Amino acid sequence: MSKVTLIPGDGIGPEVTAAMQKVLEVAGADIEWEVVEAGEAQIEKYGTPLPEHVIEAIKKNKIAIKGPITTPVGKGFKSVNVTLRQNLDLYVNLRPIKSFEGLKLRYEGVDLVIVRENTEDLYAGIEHKIGNYGAESIKLITKPACERIVDFAFDYAKKNNRSKVTAVHKANIMKLSDGLFLDTAREVAENYNDVNFDDLIVDAAAMNLVLNPEKYDVMVMPNLYGDILSDLCSGLVGGLGLIPGANIGKDYAVFEAVHGSAPQIAGQNKANPTAVIQSAVMMLRHLEQNEVADKIEKALERVFTEGKTLTVDLGGEATTTEFTEAVCKAL
Ligand code: NAD
């Protein structure tokens, strides 16, 4: 039995994580949940959206899965997600972008993986005002962080029979920071002769991903580009309701969907829980419960192929509950 910390989160978080728990239960996953709350509602009680006992619970169990957490725009508390990634040194953000065969989509056969650096770049949170005139944010890129993220990307490619790693950057303009990222990527690539390597400037990457997404395999990039391109890629395969993610460090792993708390549809039983269910599939593989993971993926594929119980984001009319029941039935 694996003990896992579960953080339901804000907005649609409680709805989609409850759906995920139900699916894992029916699939026979061997998991004991320890539920802890983080997010907006905790501020009144603890004075922070991320109380210390939440971090302690993740440290104790080493594995967590979370719903999205709201971050105020332009003011208020620092992102809980960024704080967790930095505090637990979850330096990898792994986001597989794969189209479900059963879904009728604009693109077919998309199967790429975004490996996003998760601890530095403009997300380091080093910013200050320049009087009333302006503001400055520092883009921090360090050699050790570049080395470990690119090494992870190559190691992942090797272990998962992927043939190419593409480093995404803007080293033509940010010659020192992105230049260091690219130089380091080239150095690390030397250690992996059996995996192809190329690089791509981020604006060209945005266009090429929309034109020919099937050409890409593993893509490794600094934090900000990874954030933006993973949302773009989610759009290629049906939207944010589908794309899972894993924040991985040396000691801990926190699984979560790419999407946010979607406040417009929160509490309406409309959210698509696939992204968090797929995040749980990644978690089950991490826990070596591969058979249960495969079973859940097949059940999702079956529901999409039948096409009768799709949520609103995928053009259907099913509620979160009806979709979850269909997946459980397919199991
Ligand atoms: P969002 O991902 O919440 O929503 C973007 C769009 O996708 C909306 O139209 C939303 O309705 C739709 N959507 C997202 N998930 C869906 C799902 N499961 N099913 C159906 N439709 C879905 O992004 P946003 O609106 O930019 O952000 C809302 C809040 O979430 C912000 O406070 C932001 O900071 C936060 N956020 C948190 C995380 C996280 O916790 N990891 C990630 C991204 C954004």
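All ligand and atom numbering here is 1-based and tracks the order in the structure. Treat the numbers as computed from the prediction; the structure is a model and nothing was measured.
Using a 4.0 Å cut-off between a side-chain N of Lys or Arg and a carboxylate O of Asp or Glu, Lys62 and Asp251 do not qualify as a salt bridge.
Side-chain N/O atoms of Glu108 and Ser99 include no donor and acceptor closer than 3.5 Å. At a cut-off of 3.5 Å, with distance as the only test, no side-chain donor of Asn269 or Glu15 sits close to an acceptor on the other residue.
Taking the six-membered ring where the residue is Trp, Phe197 and Phe154 present tilted rings, their angle falling between 30° and 60°.
With Asp89 as reference, Arg148 is the one residue of Arg148, Lys59, Lys250 to meet the salt bridge (charged side-chain N to carboxylate O under 4.0 Å, His left out) rule.
Qualifying side chain to side chain contact (heavy atoms under 4.5 Å, CB included) partners for Leu224, counting only residues two or more places apart in sequence or in other chains: Asp121, Leu122, Tyr123, Ile228.
Within 4.0 Å of ligand 1, contacts by protein heavy atoms are made from Ile12, Lys66, Pro68, Ile69, Thr70, Thr71, Asn81, Leu240, Gly241, Glu256, Val258, His259, Gly260, Ser261, Ala262, Pro263, Gln264, Ile265, Ala271, Asn272, Asp313.
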